[in-house]
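Numbers restart at 1 for each chain; the letters A, B, ... are given by sequence-line order, proteins then strands. When reading the values below, keep in mind they use all heavy atoms of this one structure, side chains included, and skip hydrogens, waters and symmetry mates.
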Amino acid sequence: MKINWFKYAAPMTFYSLAGRLIPLFWIAAIVLTTVGLYWGFFKTPDTIGNGMKEYYRIIFVHVASAWMAMWLYGVMVFWALIGVIFNTRLSYMLASATSITGTVMTIIALISGAIWGKTSWGTWWDWDPKLTTFLILLFVYVGYIALQSAIDDTRRSDKASALLALVGLAIVPIIYYAVNCPDPNQCASLHQESSLKRVESNILIAMLVTTLGFWMYSFATILMRTRNIILERERKTSWVSNLPEVKS
Amino acid sequence: MSEFFYMGGYGAYIWSSMAAAAILMLLEPALLMLKRRTVLQEVKRNIRLEKRRTRNKG
């Protein structure tokens, strides 16, 4: 069966499709996050290997939000690029909708990271490579949002912010290598190395399921925001004035 | 039960990080729903104005 993908690139088709998907993503988000955190709090040991006490449970929100923050940046660049290449309005709307949820995830990762730092290393903040590069990720997200809202003409603001997003992409691999350093002599970091192989299996399950929950949350909020953007940008079209929620 | 919230003395840290995540992740969809309401109102208002204008012309 041949699917015409460009059919879904029409804001009108996407608006109704997203409307049907949002409740499903919310259900998935709530179920997965609840199961993940339940597993994390009730099925895991209180102390793990290298003397870490109960406080390691912060990682369930910290890792999930940090992964989503980086992943969503990639998603944002993907849609911005599709927008530049195919000149589809919807792709730019998706990129712009993704930026805010990405920012929220980055803020959660930074707050929970600071709390983690206080318990684990005895300090809320340090200019360690991982922490510093993650703070830059926040600035890049904020820069994208600021640039988008600074230019009134949406077509120009979409293009300009797409380029900014693309340039900012450089920070994502740097964040990754800031901690998984190939040569430990070259980078001294407080931040624990992220190696999934060494994580106890129950903790790993809880972490992955919570991350999936956060991912579904991201889908739900991004689709909600995209629908708002579609309504705003297409308010003069006849299909919007014929929507049941507008007519009532 | 209180032992559970105490978390071996780390309760304040663990629960405040959970609370920060929960607050932000409830606030975001709440603001999105609010935004949807205002956008829909705006669209309806525009349509009413447009109708009045065409009626006045005719």
Q | Side chain to side chain, A/Ser241 and B/Val43, heavy atoms closer than 4.5 Å | A | no
Q.
Using side-chain heavy atoms (C-beta onward) and a distance below 4.5 Å, is B/Tyr10 in contact with A/Arg57?
A. no
Q) Taking atom OG1 of A/Thr119 and atom OH of B/Tyr13, what is their separation to the nearest 0.5 Å? A) 7.0 Å
Q: Could you have a look at B/Glu28, B/Lys44, B/Met18, B/Gln41 and say which one has the most heavy-atom pairs with chain A under 4.5 angstrom?
A: B/Glu28
Q.
Between B/Lys35 and A/Glu232 (salt bridge meaning N to carboxylate O under 4.0 Å), is one present in this structure?
A. yes
Q | Which atoms of B/Ile47 approach chain A - backbone, side chain, both or neither, heavy atom under 4.5 Å | A | side chain
(Q) Among A/Val61, A/Thr33, A/Ile100, A/Ile107, which residue has the highest count of heavy-atom pairs closer than 4.5 Å to chain B? (A) A/Val61
Q) With a 4.0 Å cut-off, would you call B/Glu50 and A/Lys236 a salt bridge? A) no
Q) So, do B/Arg36 and A/Arg227 sit near enough that their side-chain heavy atoms are less than 4.5 Å apart? A) yes
Q) With ring centroids as reference points, do A/Phe41 and B/Trp15 lie under 6.0 angstrom apart? A) yes
Q. What part of A/Leu37 lies closer than 4.5 angstrom to a heavy atom of chain B: side chain, backbone, both or neither?
A. side chain
Q) Distance from A/Phe214 atom CZ to B/Met25 atom CE, nearest 0.5 Å? A) 4.0 Å
Q | Contacting moiety of A/Ser65, where chain B heavy atoms sit under 4.5 Å | A | neither
Q) Between OG of A/Ser112 and CG of B/Leu24, what distance do you get to the nearest 0.5 Å? A) 10.0 Å
Q) Say you draw a straight line from CD1 of A/Ile111 to OG of B/Ser17; how long is it, rounded to the nearest 0.5 Å? A) 10.0 Å
**Q.** Which portion of A/Thr101 sits near chain B, non-hydrogen atoms under 4.5 angstrom
**A.** both
Q: Sort out for me which of A/Lys247, A/Arg235, A/Met224, A/Glu245 touches chain B most, counting heavy-atom pairs under 4.5 Å.
A: A/Glu245
